[in-house]
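The block underneath contains the structure these notes are about, expressed in structure tokens.
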Amino acid sequence: MRYDLVIFDNDGVLVDSEPISNRLLAAYLTELGHPTSYEDSIRDYMGSAMHRIHDLVLERTGRRLPEDFDDVFHARVFAAFERELKAVPCVVDVLEKLVGGGVPYCVASSGSHERIRVGHRTTGLDRFFEDGRVFSSQDVGRGKPAPDLFLHAAERMGVAPVRCLVVEDSPLGVQAAVAAGMDVYGFTAMTPAGRLGGATQLFSDMGELADLLV
């Protein structure tokens with residue numbers, strides 16, 4: 001194994017949540033008077049912490065989102081997760097291989113701890129991620145593309161950044177991993193390869209990842 005720690009992004013990498021959450025985000029922003037298509041949401045907000053959505057809307061329109069925006073959005077997302085969310089195909093095989101090989105791993109997500117936990121419980125991935133393996137942008141001052149979250153995860157897991165591999169599917173996440181001095185494998189299932197510039201390696205099927213890790 002070339003790495004001492006594998007750091008997974010969550011949305012779109014472990015759980016197939018991006019289509020759900022971006023559909024709902026586009027609809028809610030449009031409802032609030034900020035016309036947004038699903039494609040717009042994927043392009044502008046995929047991989048973002050919630051504060052970036054607020055910042056971009058304010059920057060573009062001069063209007064602040066409602067104070068209860070996060071609560072309303074998360075309630076809609078969590079309800080949809082309960083109905084629709086599934087694990088990314090083949091990710092269980094990857095996690096089982098890491099467990100079997102004794103390879104340390106964790107998740108570092110722009111999403112809140114609650115969002116991570118709801119997704120993992122719904123899909124059954126919670127059995128792989130006890131509390132010490134779960135890190136959120138809530139834990140640091142700046143979300144992706146800043147390197148803070150990945151550096152925080154590496155520090156807590158006791159591994160030097162240069163010995164870490166990040167698995168990401170968003171441009172912001174790839175930028176954050178590169179800024180942290182970590183190798184990053186870009187997952188192109190939803191994101192065109194050209195938008196993941198800077199990735200150490202690209203792959204399109206999670207079934208490929210286990211072989212890439214050795």
Side-chain angles (χ1 to χ4, degrees), residues 1-19 21-22 38-49 52-53 56 87-95 97-98 101 103-111 116 119 125 128-129 133-137 140 142-157 159-214:
M1 178 71 185
R2 287 180 287 168
Y3 303 100
D4 296 333
L5 176 66
V6 179
I7 305 175
F8 291 94
D9 176 43
N10 189 56
D11 294 293
V13 171
L14 295 175
V15 295
D16 194 15
S17 54
E18 294 292 9
S21 58
N22 282 283
Y38 172 77
E39 292 75 19
D40 293 337
S41 184
I42 291 287
R43 181 192 66 230
D44 295 341
Y45 303 120
M46 182 171 159
S48 299
R52 187 169 187 272
I53 300 172
L56 279 179
V88 168
C90 297
V91 79
V92 169
D93 297 336
V94 173
L95 293 169
K97 187 162 188 175
L98 293 177
V103 179
Y105 65 90
C106 64
V107 59
S109 172
S110 292
I116 298 167
L125 294 183
F128 293 104
F129 291 96
R133 295 184 190 269
V134 178
F135 305 100
S136 161
S137 61
V140 296
R142 300 180 299 169
K144 305 169 188 178
D148 305 34
L149 176 56
F150 290 139
L151 292 173
H152 171 71
E155 180 181 16
R156 290 290 301 272
M157 296 294 290
V159 177
V162 71
R163 297 295 303 159
C164 296
L165 170 70
V166 175
V167 183
E168 263 287 355
D169 71 329
S170 76
L172 294 176
V174 169
Q175 292 171 40
V178 171
M182 301 176 180
D183 281 0
V184 53
Y185 286 1
F187 184 37
T188 62
M190 281 194 61
T191 307
R195 296 196 66 213
L196 299 180
T200 311
Q201 173 95 30
L202 297 174
F203 68 105
S204 60
D205 186 321
M206 190 58 68
E208 304 170 35
L209 182 58
D211 290 335
L212 292 174
L213 291 176
V214 297

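The analysis underlying the following values was restricted to heavy atoms, covering all of them including side chains, and did not include hydrogens, waters or symmetry mates. Everything numeric here is computed off the predicted structure, so don't read it as measured data. Residue numbers run from 1 in the order of the sequence given.
Within 6.0 Å of CD on Q201 lie more than 12 heavy atoms contributed by other residues, nucleotides or ligands. Under a cut-off of 6.0 angstrom, the local environment of CZ in R43 is crowded, with over 12 non-hydrogen atoms contributed by other residues, nucleotides or ligands.
Looking only at distances, a side-chain donor or acceptor of S110 sits under 3.5 Å from a matching main-chain atom of G47. Checking side-chain atoms of T200 against main-chain N and O of Y185 turns up no donor-acceptor pair under 3.5 Å. Checking side-chain atoms of Y45 against main-chain N and O of L56 turns up no donor-acceptor pair under 3.5 Å. Remark: the backbone N or O of S136 is not paired with any side-chain donor or acceptor of S109 at under 3.5 angstrom. Using a distance-only test at 3.5 Å, with no hydrogens or angles considered, a donor-acceptor pair links the side chain of R52 to the main chain of D44.
Between Q175 and V178 there is no side-chain heavy-atom pair separated by less than 4.5 Å. Side-chain contact between L196 and P171 is present, with heavy atoms from C-beta onward closer than 4.5 Å. Residues V91 and V13 are not in side-chain contact: their nearest non-hydrogen atoms beyond the backbone lie 4.5 Å or more apart. Residues M190 and P19 are in side-chain contact: their nearest non-hydrogen atoms beyond the backbone lie under 4.5 Å apart. Residues F128 and V94 have side chains not in contact (no heavy-atom distance under 4.5 Å, counting atoms from C-beta outward). By the 4.5 Å heavy-atom criterion applied to side chains, F187 and V88 are counted as neighbours. You'll find the side chain of P147 reaches within 4.5 Å of the side chain of R142, heavy atoms only. The shortest distance between side-chain heavy atoms of L98 and F8 falls below 4.5 Å.
Every salt bridge (Lys or Arg N to Asp or Glu O under 4.0 Å) that D4 has, sequence neighbours left out, goes to R163. By the salt bridge (Lys or Arg N to Asp or Glu O under 4.0 Å) test, D16 is found to be paired with no residue, residues two or more places apart in sequence or in another chain being considered.
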Side chains of residues 205-214: which donor-acceptor partners sit under 3.5 Å, not counting sequence neighbours?
unit_1	atom_1	unit_2	atom_2	d
D205	OD1	G207	N	2.7
E208	OE2	S204	OG	3.4
E208	OE2	D205	N	3.2

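The nearest pair of heavy atoms linking V6 to V167 is CG1-CG2, 4.0 Å. Contact record, L5 with A154: CD2-CA, 4.1 Å, taken as the closest heavy-atom pair. Residues G197 and V174 come closest through the heavy atom pair O-CG1, 3.6 Å. The minimum heavy-atom distance between P161 and A180, with the atom names listed, is CB-O, 3.4 Å. Of all heavy-atom pairs between A176 and A146, the closest is CB-O, 3.4 Å. Residues C164 and V159 share a closest heavy-atom pair of SG-CG1, 3.7 Å.
Side-chain N/O atoms of S17 and D11 include a donor and acceptor closer than 3.5 Å.
From S170, atom OG reaches atom CD of E18 across 7.5 Å, with rounding to the nearest 0.5 Å. Summarising the geometry, atom SG belonging to C106 is positioned 11.5 Å from atom CG belonging to N10; distances are rounded to the nearest 0.5 Å. Within the model, atoms OG of S48 and CD1 of I53 stand 6.0 Å from one another, a figure rounded to the nearest 0.5 Å. Distance CD1/I7 to CG/L151: 8.5 Å, rounded to 0.5 Å.
Using the six-membered ring where Trp is involved, F135 and H152 have ring planes that are perpendicular, over 60° apart on the 30 and 60° scheme.
In this structure, D183 does not pair ionically with R2, as no charged nitrogen and carboxylate oxygen lie closer than 4.0 Å.
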Start with the C-alpha gap between M46 and D169, add the side-chain angles, then the distance that decides, and say whether side chain to side chain contact (heavy atoms under 4.5 Å, CB included) holds. CA-CA 9 Å; M46 182 171 159; D169 71 329; 3.0 Å; yes
